[in-house]
Amino acid sequence: MRKPADRKPPTPRRTPEPRESSKRVTVARALSKLGFCSRTQAEALVLAGRVSVDGKKTTDLETWVDLATSRIAVDGKPVAAEAFVYYMLNKPRGLVTTRHDPQGRPTVYDCLKHLDHAHLSPVGRLDKASEGLLLFTNDTEFAQGLLDPQTHVPKTYHVRIDRLVSPEKLAAFITGVEHDGDVLQARRADILREGDKNAWLEIELDEGKNRQIRRMLETLDIEVLRLVRVAIGDLPLGELPKGESRALTADELQKLRDAVAAKRKRPRAG
């Protein structure tokens, strides 16, 4: 009689992790969405055992919660959805876009001391030498919509350079230049005004690569003397004094939301 072949036990099916939705998210993501703190800060709170869900402490970053029904607490205090706020700042030159700088340099939060900015985060960044329009909010979904590469809202900059620029070099902004393996392109580049030895350019970007304009100009052997962000989408910096901030109006906020929605509806190339 033939000996029956050994059969491997069936591999148990693994229950798939639930996908994040607007209501069901990980606990750290929930704390961020509720405006309590950033996601990184939330993860630290969870790992430290300071977070509980429905009365039970958790140190598992994969703990899933329902934003509509779960009871989340930090240090025993319930966390409720915070009212969303939206501010614009005219960032001065010389400030770094971070809350705490290891080198002790002045930060953009020095301009927000009059606000309750504990949960406010910048929407994107401007480097230390750059200035102009910078947004702050505790609405992480709004911020992600503005920063998402698929829905990136155009940003407009005025750039003073150390020379006059030829039509060929101006055209290179649109066709693209290569810098450290990145192809960098502008959506639009125009000459605002020219002097005897230098010029002001208006450059519009629809992508957000690190120090993009400075790297493009460096590739073309052009030095940046001043760089100011003057608009995000249809939101202009306007006459806001340097170092000052103000809340966005309902109309300004809606225009930014509409810009994100329009990008999402646009069909992808190819």
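Computed from a predicted model, the values in this text were never measured in an experiment. Side chains included, hydrogens not; waters and symmetry mates left out as well; all remaining heavy atoms used.
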Validation row: [X], [Y] side chains within 4.5 angstrom (heavy atoms):
X      : Y      : value
Val123 : Thr137 : yes
Leu135 : Tyr86  : no
Leu89  : Val108 : yes
Ser52  : Ile72  : no

Hey, is [X] close enough to [Y] for a salt bridge, meaning N to O under 4.0 Å?
X      : Y      : result
Arg257 : Asp139 : yes
Arg163 : Asp221 : no
Lys56  : Asp54  : no
Arg50  : Asp75  : yes
Glu204 : Lys155 : no
Arg226 : Glu131 : yes
Glu252 : Arg246 : yes
Arg214 : Asp127 : yes

Set out, in order, the CA-CA distance, both residues' side-chain angles and the distance that settles side chain to side chain contact (heavy atoms under 4.5 Å, CB included) for Leu248 and Tyr87, then state yes or no. CA-CA 5 Å; Leu248 297 187; Tyr87 287 94; over 6 Å; no

Any donor-acceptor pair under 3.5 Å linking the side chain of [X] with the backbone of [Y]?
X      : Y      : value
Glu223 : Leu217 : no
Ser166 : Lys169 : yes
Tyr109 : Leu120 : yes
Lys209 : Arg215 : no
Thr26  : Glu62  : no
Asn90  : Leu240 : yes
Asn138 : Val85  : yes
Asp148 : Gly145 : no
Asp66  : Ser70  : no
Gln185 : Thr175 : yes

Please test Val53 against Arg71 for side chain to side chain contact (heavy atoms under 4.5 Å, CB included), starting from the C-alpha separation and ending with a verdict. CA-CA 6 Å; Val53 178; Arg71 292 177 290 109; over 6 Å; no

Step through the shown structure and confirm whether more than 12 heavy atoms of other residues, nucleotides or ligands are within 6.0 Å of NZ on Lys255.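 For Lys255, atom NZ is not crowded (no more than 12 foreign heavy atoms under 6.0 Å).
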
Aromatic ring proximity Phe84/Phe142, centre distance under 6.0 Å: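 Centroid distance Phe84-Phe142: not below 6.0 Å, so no.
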
Does NZ or CZ of Arg229 come closer than 6.0 Å to the centre of the six-membered ring of Tyr157, within 45° of the ring's axis?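 Geometry flag: not set, cation outside 6.0 Å or 45°.
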
Single-linkage hydrophobic cluster, 4.5 Å side-chain cutoff, [X] and [Y] together:
X      : Y      : answer
Leu115 : Met88  : no
Val230 : Val159 : no
Leu237 : Leu95  : no
Leu227 : Leu133 : no
Ile232 : Leu147 : yes

Applying side chain to side chain contact (heavy atoms under 4.5 Å, CB included), run through Leu61 and Leu47 and close with a yes or a no. CA-CA 7 Å; Leu61 295 177; Leu47 293 174; 4.0 Å; yes

Just how far is it from atom [atom1] of [X] to atom [atom2] of [Y], taken to the nearest 0.5 Å?
X      : Y      : atom1 : atom2 : value
Leu45  : Thr40  : CG    : OG1   : 11.0 Å
Ile213 : Leu201 : CD1   : CG    : 9.0 Å
Leu220 : His179 : CG    : NE2   : 10.0 Å
Ile191 : Trp200 : CD1   : CH2   : 14.5 Å
Arg125 : Ser130 : CZ    : OG    : 13.0 Å
Thr219 : Glu178 : OG1   : CD    : 9.0 Å

Is the closest side-chain donor-acceptor distance between Thr58 and Thr63 under 3.5 Å?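 Judged by distance alone, the side chains do pair up.
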
Shortest non-hydrogen contact between His100 and Pro102, atoms and distance: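 Minimum heavy-atom contact is O-CD, 3.7 Å.
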
Taking all heavy atoms of Asn198 and all of Asp162, pick out the closest pair and write down the distance.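 Answer, listing the atom of Asn198 first, then Asp162: CB-C, 4.0 Å.
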
Starting from the C-alpha separation in whole Å, work towards a yes-or-no answer on side chain to side chain contact (heavy atoms under 4.5 Å, CB included) for Leu253 and Leu235. CA-CA 9 Å; Leu253 183 58; Leu235 174 67; over 6 Å; no

